[in-house]
Amino acid sequence: MRVRRRARRPFQAATGRGRRRRDPRAERNMAAEAMAPAESFGPSGRRRRDPRRIRRAGVISAAGRLRIDRSGRSIDTGRSAGTARPAASAGPELMRIDAPAFWIFVVPDYEGGRLSSHDRDVFGAARRLADRDGGAVVAVVFETGEDLGVAGADRVIRFDDEHYAGYAPEARTAALEAVRQQLAPRHVLLPDTTVAGGDLGRRLAAGLGEAPATRVHRLRPDEAVARGDGERSDYSRRPPQIVLLAPECDEPVSDAYCYEARPIDAPEVAEVTPGVHDQGLLPVDPGAVPLAEADFVVSAGNGVTDWDAFHALAKALGAAEGGSRVVCDAGSLPRERQVGASGTLIEARCYLAFGISGAPQHLQGIARCEKVVAVNTDLHAEMVKRSDLSAIKDAQQVMPALTRLIEAEARET
């Protein structure tokens, strides 16, 4: 009679009763082997790699992307195979394009020197066009502000003198035409917004005598797909030179990459007598602004009991008021102020949440907010995990303290 025995596991041994006994020493040896560097140096001083250990550590990916193994070293197998660097210094990979085959212009709204989520979507679409055939992205802006290399700009042309202060459409259109003649871009991409990008793009296209592609939600080198017929139909055409893009037209540039954003001298532009004068924004009651259009939202949840302090803080901050479903169900705030998947999806630049635990439907409603600040007594609340900044404190103590601080600063100024 033949007996087939099972192969023993490396860290187990058989006992007298036929049971398996763990071998801690063998387990430690295996763990040490797994944590060993995927590379070593031979006697001649050359770098020697163990492909089996590299595959086991998960260093090499099919796309050749930068991966970090358990040894704390990182290997960029796509560009510098075999070159290791400490993981502590690993940051966004700097991308440089010295001799591009063509240019793609991006003219973001860049209001107040800050990129909106819509602006970042446009940069994502521009990178898709440029990276396919060896092109480069040029950002054309009219004021100073945050870094454009993180957004995906290889070059930056900046017009930041007083001639372009505020929204001066005639002057900005003349500047765009000057840089267009200088660099002859393949496409000029702008966000299709009501005032800035949409107006500039249509003015520039009218000067060129061409019909721009508007409300484009999908852009490829050979196709621009736009929504029409009351959002019920898609219209496809070859991309013209001027393309106005809708929100969520593409994914923003990954945080793993940072582009050079090398400055280019702006050309001389003849002075234009403006026919439109920007008088700034009209004062608006924040309570009258729809939540979907508000830049700053202060929201209350079940943890808020002092409603006088909440309303006073929202007024001092000049923010729109919002609330969770529980608050609106209780009648503390009107239904149109409910934030979440079953209420209003918001895209505020800042969302300040007091006493909100963070139900999945609520988190869906604030998914596109740029910055989220949470005040909650529960350190492990989902809203705290989602927030960029959190204060573990009772909302009833924080709200009046913030109001006093804001009022004190207003008196000093």
Taking all atoms of both residues into account, what is the closest heavy-atom pair of [X] and [Y], and its distance?
X      : Y      : answer
Ala320 : Leu291 : CB-CD2, 4.3 Å
Glu382 : Gly358 : CB-O, 3.3 Å
Ala395 : Val304 : CB-CG2, 4.4 Å
Phe123 : Ala151 : CB-O, 3.3 Å
Ala136 : Asp154 : CA-OD2, 3.3 Å
Val327 : Asn302 : CG2-N, 4.1 Å

Report yes if the side chains of [X] and [Y] come closer than 4.5 Å at any heavy-atom pair, otherwise no.
X      : Y      : answer
Leu313 : Ile406 : yes
Leu363 : Met383 : yes
Leu389 : Lys371 : no
His217 : Val225 : yes
Pro267 : Phe159 : yes
Leu148 : Val106 : no
Arg386 : Asp388 : yes
Leu352 : Leu317 : yes

Distance from [X] atom [atom1] to [Y] atom [atom2], nearest 0.5 Å?
X      : Y      : atom1 : atom2 : result
Leu115 : Tyr110 : CG    : OH    : 6.0 Å
Arg349 : Ser117 : CZ    : OG    : 9.5 Å
Ile97  : Tyr259 : CD1   : OH    : 7.0 Å
Glu293 : Asp295 : CD    : CG    : 10.0 Å
Lys315 : Thr403 : NZ    : OG1   : 11.5 Å
Arg238 : Asp222 : CZ    : CG    : 6.0 Å

Determine yes or no for a side-chain-to-main-chain donor-acceptor pair under 3.5 angstrom, with [X] supplying the side chain and [Y] the backbone.
X      : Y      : value
Arg220 : Arg128 : no
His362 : Arg325 : no
Asn376 : Ile356 : yes
Arg155 : Ala139 : no
Asp119 : Ser116 : yes
Ser299 : Gly323 : yes
Asp192 : Gly198 : no
Asp109 : Glu111 : no
Gln241 : Pro185 : yes
His187 : Pro240 : yes

**Study point:** Working for side-chain contact (heavy atoms from CB on, under 4.5 Å), residues Leu204 and Val107
**Key:** CA-CA 12 Å; Leu204 185 61; Val107 188; over 6 Å; no
Just checking [X]: does its [atom1] atom have more than 12 heavy atoms from other residues, nucleotides or ligands closer to it than 6.0 angstrom?
X      : atom1 : result
Asp265 : CG    : no
Asp306 : CG    : yes
Asp255 : CG    : no

Review point. Should Val122 and Leu190 be marked as a side-chain contact (heavy atoms from CB on, under 4.5 Å) after you check the CA-CA gap, both sets of side-chain angles, and the distance that decides it?
Key: CA-CA 7 Å; Val122 175; Leu190 304 96; over 6 Å; no
Practice item. Please identify each residue that fulfils salt bridge (charged side-chain N to carboxylate O under 4.0 Å, His left out) with Asp131, with sequence neighbours left out. Key: Arg127
Study note, to complete from the structure: With sequence neighbours left out, the residues meeting salt bridge (charged side-chain N to carboxylate O under 4.0 Å, His left out) with Asp308 are none
Between [Y] and [X], does any NZ, NE, NH1 or NH2 come within less than 4.0 Å of an OD or OE carboxylate oxygen?
X      : Y      : value
Glu407 : Arg404 : no
Asp329 : Arg335 : yes
Asp234 : Arg227 : yes
Arg368 : Asp121 : yes
Asp378 : Lys385 : no
Arg120 : Glu146 : yes

Practice item. Could you walk me through whether Leu200 and Thr173 pass the side-chain contact (heavy atoms from CB on, under 4.5 Å) test, one step at a time? Key: CA-CA 6 Å; Leu200 283 178; Thr173 304; 3.6 Å; yes
Exercise for review: Determine whether the side chains of Ser342 and Gln361 contain a donor N or O and an acceptor N or O closer than 3.5 Å.
Suggested key: no
Practice item. Take Glu321 and His311, measure what side-chain hydrogen bond (donor to acceptor under 3.5 Å, both in side chains) needs, and give me the verdict at the end. Key: CA-CA 8 Å; Glu321 294 182 0; His311 295 312; 2.8 Å; yes
Practice item. Show the numbers, then the answer: is there a side-chain contact (heavy atoms from CB on, under 4.5 Å) between Arg203 and Leu176? Key: CA-CA 10 Å; Arg203 287 173 180 269; Leu176 286 178; over 6 Å; no
**Study point:** Geometric class of the Phe310/Trp307 ring pair [parallel <30°, tilted 30-60°, perpendicular >60°]
**Key:** perpendicular
